[in-house]
Amino acid sequence: MGTEAKAVENLSPRWRWAVILTMVLGFSVLGLLMVKTYTNAPPVPEQVIDTAGRPLFSGNDIRAGQQIFLKYGLMNNGSIWGHGGYLGPDFSASYLHAWAVTTAQERARARFGMAHDALAPADRAAVDGEVPPLLRYNRYDPAAATLTLPSAGAETFHAQQKRWADYFAHPEGNGGLAPGLITDKGELRQLTAFFAWAAWASVAERPGTSHSYTNNFPHDPLAGNRPTSAALIWSAISFIALLGGTALALLAFGRFNYLGWHGAPEPMGKWAISDAQRATLKYMGVAVLLLLGQVFFGAAIAHYRADPGDFYGFDLASWFPSNLMRTWHLQAAIFWIATSFVAGALFVSELLGGETPPRQRLAIHLLFGAFAIVIVGSMLGEWAGILQWLPRSWFWFGNQGWEYLELGRFWQILLVVGLCLWFALLWRAVAPALRHPGHRAFARFFLLAGVAIPMFYLPALFFGSDTNFTIVDAWRFWIIHLWVEGFFEFFVTVIVSILFYKMALVHRLTALRTIYLDAILYFGGGLIGTGHHWYWTGQTEANMALSAVFSALEVVPLTMITLDAWSFVRTTRGNDSIVERHRWTFYFIMAVGFWNFLGAGVFGFLINTPIVSYYEVGTILTPNHGHAALMGVFGMLGIGLMVFVLRESVQNTVWRRISPLIAIAFWGLNTGLALMILLSLLPGGLLQLHAVIENGYWYARELSFTGARLPRLLEWLRMPGDLVFMFAGVLPLAVAIAWGYVSLWRRPVPQRAASPA
């Protein structure tokens, strides 16, 4: 005990202070950006009139239109300012371009008495030069909260109502929405008012600047929307930050040879697997079922993109429209990964604490029931909401409509309560470690990472269906980025470090140092880097400057993971029984390192620099990064935890039978994911990016482009990767988990008191 206490003391307190300062600095800047979000969000006028003073629509119409947008699940069809689904158009970009075309037609008739398309090239260029000043001039009067639209703007508003009525009529023309989704003229008018506001904010110059509220997004040369100078400058500076940050990290790794997975192992301890720990295997069974569902939902989405008008002769859109499939695809991914992490943490907490709290097994069963209610209830609610079976209570019990946060507010509250109960179970199990000098630091990190998960889901409750879109999008990415890409990543590092220490593969100080280092590196860039999602959603250039620099630094820890990969391999190889026992767990953790660098690092940095993001956001390069990062990093780690729990829960005879299935699943999942990216997502994204640069953002997002021959062919080329991923990856894994779980019911598994720790 004294030796352990002395070893802990040898870890300099400067590590702790470095983490604290990193967190304080990051959250201070992020908090300042959030304050500016409330003060600088594009205003919602209370009255919109034409030049003659006649009312067109009101602020209430805009807010009601946003609610209609959410109520019908349109954020999982198309997007606003690049954020949303990829099956339909970007509604703000489409409306803006229609407004620019109407303005050009009006000026062509006024100057030459001819249609715009009939003009000679020189005359057309002259007319096109008149369009941007007319659109970009900001006619909003803040004192009266009134926006005046020129005649072309009023004409566009009336014409667009018919355009969207036609759009929602037929699934083959809208990416597979339910037939006749919106027919009420009042709802169409309000929805069009919301699109009109989003288009106005994307082109009207922010007071005191020479760019729009959305920093000139989307790209539309006819409307005068081109990249700002800040997008170019801060992109260049972000490269400097990346090179400088990488150089400093390399210098640190070269100067201090104790960084990373180094150090001789300590003498092995022992652990015994309790019934409470085995009870977590059922969570893994649910997780793999959700993964299976996610794959099927994803396949349906891919088919809707490739052939939205037909599903092998079956009218799929009437019962399972494309926006429902995308909602379930996203929610299933979040649920299965979170479920595997929840179960893995419950399992590891007892390894760390060394004791089983009273009635822990019963509590784990009850928590499982609570999670099952939230998962099943919310997904059924999303189905009922999107099919409009909950006309009054859709926000609370149905489909809330915000991408990634679709589950109704009632289910969100239950989820937070469930996560708090989960943390209470972690605390009970880890409490003995808080009294152990050698384990106390691990326990504190474990609990801090655990409590952050329910705490940083709370921003999901900070907004409603009529909150300004800019403000909502800021809070959304507190969850999407900080919850998923921040604290879950930190939690992963803590769990892996604890496992390595308990398996006696590394010294205690090595594991603790790794936790501190990863916290500094992840949060050093990741907290402020959250703002790279906000470049074009109504934030100012101050956000762009800070986010571009710190977002580039997010690549540094991923580079360090790759640099230290060989040390990790060396640490986890050999004939030692514990290494061989958990060989496939280590393989999945190694896959995490590979996909972390490629998916989050290379593909993430590719789209996060402002100048690339300006043209790219909302194209297929975004899900290219998303699939490689979410599935490749969090998915592979979640499966690694499944395999670890499975291996420790079943008898050796059962494991020998199911381990070949795990091997097949490992190679099938990784090969299938690689094929998806190389054959479809990456080339499809580059093709769409080229279309944006050449013709404008609106053009590359219209179904006339995404449904053309080559984009559709690239979508069909997802099928080989999907089939390998599904049949050689997910199905063998599901069979292995089911086999292992059933084996626990056949006969009791004796305690393995001599298992190495």
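For the single chain, residues carry numbers from 1 onward in sequence order.
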Undergrad: Can you tell me how far apart CZ (Phe445) and OG1 (Thr493) are? Round to the nearest 0.5 Å.
TA: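 If I round to the nearest 0.5 Å, the distance is 10.5 Å.
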Undergrad: Checking Thr339 side chain against Trp336 main chain: does a donor-acceptor pair fall under 3.5 Å?
TA: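 Looks like no, no N/O pair under 3.5 Å.
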Undergrad: For Ser613 and Ile607, which heavy atoms make the closest approach, and how far apart are they?
TA: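 For Ser613 versus Ile607, the nearest heavy atoms are CB-O, 3.2 Å.
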Undergrad: Checking the side chain of Glu382 only, and the main-chain atoms of Leu380 only, is there a donor and an acceptor separated by less than 3.5 Å?
TA: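 Not a single qualifying donor-acceptor pair exists.
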Undergrad: Are any non-hydrogen side-chain atoms of Met642 and Leu733 less than 4.5 angstrom apart?
TA: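 Yes, close enough: below the 4.5 Å cut-off.
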Undergrad: Which label fits Phe442 and Tyr501: parallel for a plane angle under 30°, tilted from 30 to 60°, or perpendicular past 60°?
TA: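 Plane angle under 30°, so parallel.
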Undergrad: Between Tyr283 and Phe368, is there a donor-acceptor pair closer than 3.5 Å when you use the side chain of the first and the backbone of the second?
TA: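 The answer is yes, because a donor-acceptor pair under 3.5 Å joins these two groups.
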Undergrad: Sub-3.5 Å donor-acceptor pair from the side chain of His329 to the main-chain atoms of Val295, do we have one?
TA: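 Side chain of His329 to backbone of Val295: no pair is present.
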Undergrad: Of the non-hydrogen atoms in Ser322 and Gly175, which two are nearest, and what is the gap between them?
TA: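 That closest heavy-atom pairing would be OG-O, 2.7 Å.
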Undergrad: Find the distance between CZ (Arg712) and CG (Leu710) and round it off to the nearest 0.5 Å.
TA: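 Reported to 0.5 Å precision, the distance equals 12.0 Å.
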Undergrad: Could you tell me which non-hydrogen atom of Gln294 sits nearest to which non-hydrogen atom of Ala332, and how far apart they are?
TA: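 The pair with the smallest heavy-atom distance is CB-CB, 3.8 Å.
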Undergrad: Between Ser349 and Val430, which heavy-atom pair has the shortest distance, and what is it?
TA: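 So the minimum-distance heavy-atom pair works out to CB-CG2, 3.7 Å.
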Undergrad: For residues Ile498 and Leu351, determine if any side-chain heavy atom of one lies less than 4.5 Å from a side-chain heavy atom of the other.
TA: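 The answer is no; the side chains never approach within 4.5 Å.
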Undergrad: Please round to the nearest 0.5 Å and tell me the distance separating atom CZ of Arg718 and atom NE2 of His303.
TA: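 The distance works out to 13.0 Å.
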Undergrad: Using modelled atom types and a 3.5 Å cut-off, is there a donor and acceptor pairing between side-chain atoms of Trp584 and backbone atoms of Val643?
TA: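 Side chain of Trp584 to backbone of Val643: no pair is present.
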Undergrad: Within the structure provided, determine whether Leu714 and Arg305 are in side-chain contact (heavy-atom separation under 4.5 Å).
TA: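 No. Closest side-chain heavy atoms not under 4.5 Å.
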Undergrad: Taking the side chain as everything from C-beta on, heavy atoms only, tell me whether Leu669 gets closer than 4.5 Å to Met636.
TA: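 Counting from C-beta outward, Leu669 and Met636 do come under 4.5 Å.
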Undergrad: Parallel, tilted or perpendicular for Trp328 and Trp383, by the 30°/60° rule?
TA: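 The rings of Trp328 and Trp383 stand perpendicular, inter-plane angle above 60°.
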Undergrad: Should Leu637 and Ile495 be marked as a side chain to side chain contact (heavy atoms under 4.5 Å, CB included) after you check the CA-CA gap, both sets of side-chain angles, and the distance that decides it?
TA: CA-CA 11 Å; Leu637 181 61; Ile495 289 177; over 6 Å; no
Undergrad: Roughly how far, to the nearest 0.5 Å, is the CD atom of Glu350 from the CG atom of Leu352?
TA: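 Rounded to the nearest 0.5 Å, the CG-CD separation comes to 11.0 Å.
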Undergrad: Heavy atoms only: give me the nearest Met325-Phe297 pair and the separation to one decimal.
TA: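 Taking every non-hydrogen atom into account, O-CB, 3.7 Å.
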Undergrad: So, Gln277 side chain and Ser274 main chain: donor-acceptor pair closer than 3.5 Å or not?
TA: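 Here the side-chain-to-backbone pair exists.
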Undergrad: Could you tell me whether the side chain of Arg476 and the main chain of Glu403 form a donor-acceptor pair under 3.5 Å?
TA: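 Present.
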Undergrad: Is the closest side-chain heavy-atom distance between Leu646 and Trp655 below 4.5 Å?
TA: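 Counting from C-beta outward, Leu646 and Trp655 do come under 4.5 Å.
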Undergrad: If you round to the nearest 0.5 Å, how far is CZ of Phe644 from CZ of Phe586?
TA: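 Between Phe586 CZ and Phe644 CZ, I get 8.5 Å after rounding to 0.5 Å.
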Undergrad: Look at the side chain of His582 and the backbone N and O of Glu648, then say whether any donor-acceptor pair between them is shorter than 3.5 Å.
TA: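 Not confirmed, His582 side chain does not pair with Glu648 backbone.
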Undergrad: Is the shortest side-chain heavy-atom distance between Trp739 and Val650 below 4.5 Å?
TA: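 Of all side-chain heavy-atom pairs linking Val650 with Trp739, none is under 4.5 Å.
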Undergrad: Checking Phe341 against Ile337 for the side chain to side chain contact (heavy atoms under 4.5 Å, CB included) test, could you report, in this order, the C-alpha distance in whole Å, the side-chain angles of both residues, the deciding distance, and whether it holds?
TA: CA-CA 6 Å; Phe341 281 23; Ile337 293 172; 4.1 Å; yes
Undergrad: Compare all side-chain heavy atoms of Ile677 with those of Phe603 and state whether any distance is below 4.5 angstrom.
TA: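 A side-chain contact exists here, since the closest heavy-atom pair is under 4.5 Å.
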Undergrad: Other residues, nucleotides and ligands only: do more than 12 of their heavy atoms fall within 6.0 Å of NE2 on His690?
TA: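 No, because the 6.0 Å sphere around NE2 of His690 holds 12 heavy atoms or fewer from other groups.
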Undergrad: I would like to know whether Tyr457 and Ile479 meet side chain to side chain contact (heavy atoms under 4.5 Å, CB included); could you show each step before the answer?
TA: CA-CA 6 Å; Tyr457 191 80; Ile479 302 161; 3.9 Å; yes
Undergrad: Within this structure, what is the CG-CZ distance for the pair Asn596 and Phe594, rounded to the nearest 0.5 Å?
TA: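 If we round to the nearest 0.5 Å, Asn596:CG and Phe594:CZ are 11.5 Å apart.
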Undergrad: Where do Ile664 and Pro732 come nearest, in terms of heavy atoms and distance?
TA: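 Taking every non-hydrogen atom into account, CG2-CG, 3.9 Å.
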Undergrad: Going by atom types only, do Glu616 and Thr622 share a side-chain donor-acceptor pair under 3.5 Å?
TA: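 Side-chain D/A pair, Glu616 to Thr622: present.
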Undergrad: Could you list the residues that satisfy side chain to side chain donor-acceptor pair (under 3.5 Å) with Asn624, not counting sequence neighbours?
TA: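 In terms of side chain to side chain donor-acceptor pair (under 3.5 Å), with neighbours along the sequence ignored, Asn624 is linked to no residue.
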Undergrad: Could you tell me whether His83 and His533 have their ring centroids closer than 6.0 angstrom?
TA: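 Ring centroids of His83 and His533 are no less than 6.0 Å from each other.
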Undergrad: When the aromatic ring centroids of Phe523 and Phe487 are compared, is their separation below 6.0 Å?
TA: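 Centroid separation for Phe523 and Phe487: below 6.0 Å.
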Undergrad: Should the heavy atoms of other residues, nucleotides or ligands under 6.0 Å from CZ of Phe296 be counted, would the total exceed 12?
TA: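 Atom CZ in Phe296 is not crowded, with 12 or fewer foreign heavy atoms closer than 6.0 Å.
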Undergrad: Output all residues satisfying side chain to side chain donor-acceptor pair (under 3.5 Å) with Thr706, sequence neighbours left out; order by chain, then residue number.
TA: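 Per chain and number, Thr706 pairs via side chain to side chain donor-acceptor pair (under 3.5 Å) with no residue.
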Undergrad: Side chains of Gln331 and Ser378 only: does a donor on one sit below 3.5 Å from an acceptor on the other?
TA: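 Per modelled atom types, Gln331 and Ser378 side chains form no pair under 3.5 Å.
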Undergrad: So, do Asn652 and Arg647 sit near enough that their side-chain heavy atoms are less than 4.5 Å apart?
TA: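 Side chain of Asn652 against side chain of Arg647, heavy atoms only: contact under 4.5 Å found.
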Undergrad: Set out, in order, the CA-CA distance, both residues' side-chain angles and the distance that settles side chain to side chain contact (heavy atoms under 4.5 Å, CB included) for Asn323 and Leu87, then state yes or no.
TA: CA-CA 8 Å; Asn323 54 342; Leu87 293 151; over 6 Å; no
